[in-house]
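So you know, we letter chains A, B, ... as the sequences are listed, proteins then strands, and number each from 1. Scope of the values below: all heavy atoms of this structure, side chains included, with no hydrogens, waters or symmetry mates.
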Protein chains: 2
Amino acid sequence: MINILIADDHTMFVDGMESILKSESDLQVAGRSYDGPSVIDFLKNNKVNIVLLDVNLPGMNGIEVCKEITAHYPDVRVLAISMFNEESFVSEILNNGAKGYLLKNTGREELLKAIRTVANGDSYFSKEVTETIMKSLMNQRKASGKNTSFIPKLSRREKEVLKLIAQEFTTQEIADNLYISLKTVESHRSSLLSKLNARNSVGLVRIALENNLLD
Amino acid sequence: MINILIADDHTMFVDGMESILKSESDLQVAGRSYDGPSVIDFLKNNKVNIVLLDVNLPGMNGIEVCKEITAHYPDVRVLAISMFNEESFVSEILNNGAKGYLLKNTGREELLKAIRTVANGDSYFSKEVTETIMKSLMNQRKASGKNTSFIPKLSRREKEVLKLIAQEFTTQEIADNLYISLKTVESHRSSLLSKLNARNSVGLVRIALENNLLD
DNA sequence: ATAAAACTTCGGGTAAACCCCTAAAAATAA
DNA sequence: TTATTTTTAGGGGTTTACCCGAAGTTTTAT
């Protein structure tokens with residue numbers, strides 16, 4: 001039995017999805033959530049195999065929710081669902097642990113297939129989504145990184161400072177921008193150098209760009 | 001009727017493929033090629049809809065052949081076939097106009113489906129290939145440049161210095177490496193800042209990475 | 001061929017970055 | 001609640017980066 005949590009704020013859509021699922025003997029809708037935090041809340045108290053997660057969710061957006069789920073509930077598979085066949089959405093949520101991505105115009109059969117595929121541990125992407133990604137791939141070319149470099153978690157301030165460093169601001173300018181002391185900025189920079197194992201700001205920015213730390 | 005040219009140097013494989021195709025009434029094997037140049041030669045004198053092209057072809061490799069085909073025979077669709085589910089192969093040949101990519105362990109049904117899909121003007125990628133590309137996409141993200149930023153020509157020395165700056169070397173280390181004075185290196189750095197319109201080395205490296213100046 | 005432009009090479013001086021240290025208030029996690 | 005991390009900030013010093021200027025060499029263009 002596959003337990004499914006539907007996380008979407010559009011009632012009609014959830015209803016439709018549920019009506020498709022309830023006719024399947026191996027699938028069971030364990031619950032519904034209409035915003036991000038309640039998804040996390042639901043997972044605390046219920047056994048769920050699959051979360052059908054709307055990428056654009058109110059309160060806490062789908063990407064954040066997905067990140068949270070994969071971090072704390074690694075057994076729970078996320079199948080992202082969205083209105084938009086947008087490359088940025090797709091890669092963003094895939095990078096945060098989603099196992100599949102469907103568009104909302106997906107038909108009954110494909111939805112069921114996707115759920116069972118993902119429940120089985122595989123990945124699933126609809127044809128249109130695949131094509132979107134292929135197209136963007138074709139315009140991209142050389143894939144930068146393949147490295148398995150471990151990137152320690154950066155704090156909020158560190159990320160802010162890093163972004164400003166990458167924008168060629170001086171320490172003083174960063175301090176003014178963030179309304180903190182020059183010394184504080186230097187302290188953050190120092191932490192960044194240590195965490196990212198860089199010798200100087202150039203290394204900081206190179207690593208940041210290679211690992212997309214500037215989003 | 002879909003006319004197909006099979007371009008592969010492995011006879012047994014071509015035989016197998018042909019036996020699959022000849023039982024289909026809408027498909028017809030127009031010819032076989034065992035190397036790159038003969039593919040181009042065949043297209044000169046024969047009407048072909050689809051080329052089943054081995055990526056690793058003797059004489060003139062598949063990527064070159066594919067480029068040639070899309071340049072001179074835009075109506076001919078290329079369906080790439082390879083032993084290897086290698087991201088570099090896939091993206092390389094897709095960048096050169098191939099409409100699909102199959103692995104050689106592909107079954108009969110999938111082969112037929114791929115041929116008809118590509119003949120119909122769509123793209124086709126096998127599941128495994130899709131996953132490979134997804135994986136690499138996840139490690140990649142936003143590809144380099146789409147910007148129209150004009151990059152002035154850099155001199156030999158400037159490029160050398162730039163590369164070393166990007167590798168986090170200090171000015172003194174760069175000087176030692178190139179057997180020139182510290183002051184000379186700083187002069188080159190200064191030229192770089194001016195040419196690339198950067199405020200500091202961080203900007204230099206960001207611009208270099210965004211524009212692939214480090215090859 | 002000759003002038004103009006660009007490249008490579010340095011010196012001196014200043015601003016910025018980087019380092020080592022300490023340390024307390026504030027926010028988070030266990 | 002307690003422990004850990006984050007954010008804040010300072011003193012004091014060394015190293016590096018950046019700016020201005022300049023001269024000899026090479027390349028490019030007329």
Side-chain angles (χ1 to χ4, degrees), chain A residues 36-37 40-41 43-44 60 64-65 67-74 150-209 213, chain B residues 150-209 213-214:
Chain A
I40 307 300
D41 207 53
L43 293 178
K44 277 185 195 143
M60 174 186 185
E64 288 303 312
V65 177
K67 194 186 294 183
E68 190 76 8
I69 293 174
T70 43
H72 297 296
Y73 306 92
F150 170 67
I151 301 290
K153 193 164 153 289
L154 301 183
S155 72
R156 178 185 121 260
R157 263 315 200 213
E158 284 164 353
K159 278 187 268 191
E160 287 175 349
V161 170
L162 180 54
K163 282 178 201 175
L164 293 170
I165 290 174
Q167 286 168 48
E168 301 172 54
F169 290 111
T170 67
T171 306
Q172 186 59 59
E173 288 167 346
I174 295 170
D176 294 344
N177 189 294
L178 298 179
Y179 300 105
I180 54 180
S181 143
L182 185 145
K183 277 297 183 180
T184 306
V185 176
E186 290 198 327
S187 171
H188 289 308
R189 184 206 301 274
S190 174
S191 301
L192 286 165
L193 289 174
S194 166
K195 281 189 178 178
L196 300 183
N197 203 27
R199 294 182 66 190
N200 51 38
S201 293
V202 162
L204 246 37
V205 171
R206 203 201 64 241
I207 294 167
L209 287 174
L213 268 32
Chain B
F150 171 66
I151 300 292
K153 196 164 154 288
L154 301 183
S155 72
R156 177 187 121 263
R157 265 313 200 215
E158 284 163 351
K159 278 186 271 190
E160 287 174 348
V161 170
L162 180 54
K163 283 178 200 175
L164 293 169
I165 290 175
Q167 286 168 50
E168 300 171 54
F169 289 113
T170 67
T171 306
Q172 186 60 62
E173 288 167 344
I174 296 170
D176 294 345
N177 188 293
L178 298 179
Y179 300 105
I180 55 181
S181 144
L182 183 146
K183 281 299 173 184
T184 305
V185 176
E186 293 198 325
S187 170
H188 289 309
R189 183 205 303 275
S190 175
S191 301
L192 286 165
L193 289 174
S194 165
K195 282 188 178 182
L196 299 183
N197 202 27
R199 293 182 67 190
N200 52 39
S201 294
V202 162
L204 246 39
V205 171
R206 203 201 63 241
I207 294 166
L209 288 173
L213 266 34
L214 305 178

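Atom CD1 in Ile174(B) sits about 11 Å away from atom C1' in dT16(D), given to the nearest Å. Regarding Leu204(B), its CG atom lies at a distance of 18 Å from the P atom of dT16(D), rounded to whole Å. Atoms CG (Leu193(B)) and P (dA17(D)) sit 11 Å apart, rounded to a whole Å. In this structure, the CD atom of Glu186(A) is 15 Å from the P atom of dG13(D), given to the nearest Å. At whole-Å resolution of the value, CZ in Arg189(B) and C1' in dC19(D) are 12 Å apart. In this structure, CG of Leu178(A) is placed 8 Å from P of dT8(D), rounded to the nearest angstrom. For the pair Leu154(A) CG and dT5(D) P, the interatomic distance rounds to 15 Å; values are reported in whole Å. The CG atom of Leu164(B) sits 15 Å away from the P atom of dT16(D) (whole-angstrom rounding).
No engagement by Gln172(B) is indicated, since no non-hydrogen atom pair under 4.0 Å with the nucleic acid exists. Here Ser155(B) lies in heavy-atom contact (under 4.0 Å) with sugar-phosphate atoms only. Using a 4.0 Å heavy-atom criterion, one finds that Ser187(B) contacts the bases of the nucleic acid, with or without backbone contacts as well. Using a 4.0 Å heavy-atom cutoff across all strands shown, Ser201(B) reaches sugar-phosphate atoms only and no base atom. Residue Leu182(A) is out of contact with every strand shown, counting any heavy-atom pair closer than 4.0 Å. Counting non-hydrogen atoms under 4.0 angstrom, Ser190(B) reaches nothing in the nucleic acid.
Residue Asp176(A) places its CG atom among more than 12 non-hydrogen atoms of other residues, nucleotides or ligands, all under 6.0 Å distant. Within 6.0 Å of CG on Asp41(A) lie more than 12 heavy atoms contributed by other residues, nucleotides or ligands.
For Glu158(B) and Arg189(B), the salt-bridge test fails: no basic side-chain N is under 4.0 Å from an acidic carboxylate O. Look at Glu160(B) and Lys163(B) and you find no salt bridge, because none of the NZ, NE, NH1 or NH2 atoms lies under 4.0 Å from a carboxylate O. Under the 4.0 Å criterion applied to side-chain N and carboxylate O atoms, Glu186(B) and Lys183(B) are assigned as salt-bridge partners.
Position along DNA chain C of the nearest nucleotide to Val185(B) versus Asn200(B) favours Val185(B) as the more 5'-ward residue. In terms of position along DNA chain C, the nucleotide closest to Arg157(B) lies nearer the 5' end than the nucleotide closest to the other residue of the pair Arg157(B) and Phe169(A).
Contact annotation: Ser181(A) reaches the phosphate of dG10(D) (side-chain N/O to OP1 or OP2, under 4.0 Å). At dT8(D), none of the side-chain N or O atoms of Thr184(A) fall inside 4.0 Å of OP1 or OP2 (strictly under the cut-off).
For the pair Asn200(A) (side chain) and Gly203(A) (backbone), a donor-acceptor distance under 3.5 Å is present. No donor-acceptor pair closer than 3.5 Å links the side chain of Lys195(A) to the backbone N or O of Leu154(A).
Applying side chain to side chain contact (heavy atoms under 4.5 Å, CB included) to Val161(B) and the options Leu178(B), Leu204(B), Thr171(B), Thr184(B) leaves one that passes, Leu178(B).
In the set dT7(D), dT6(D), dC18(D), dT6(D) carries the atom at the smallest distance from any side-chain atom of Lys195(A).
Five base pairs at each end of the helix from dT2(C)-dA29(D) to dA30(C)-dT1(D) define two local axes, and these are offset by 70° (rounded to 10°).
Side chain Lys183(B) to base dG21(D): no donor-acceptor pair is found below 3.5 Å.
At a threshold of 4.5 Å between non-hydrogen side-chain atoms, the residues Leu193(B) and Arg199(B) do not count as touching.
Using modelled atom types, one finds no donor on one side chain facing an acceptor on the other under 3.5 Å when comparing Asn177(A) with Glu173(A).
On the nucleic acid side, DNA chain C has its first and last nucleotide under 4.0 Å of a heavy atom of chain A at dA17(C) to dC19(C), going 5' to 3'.
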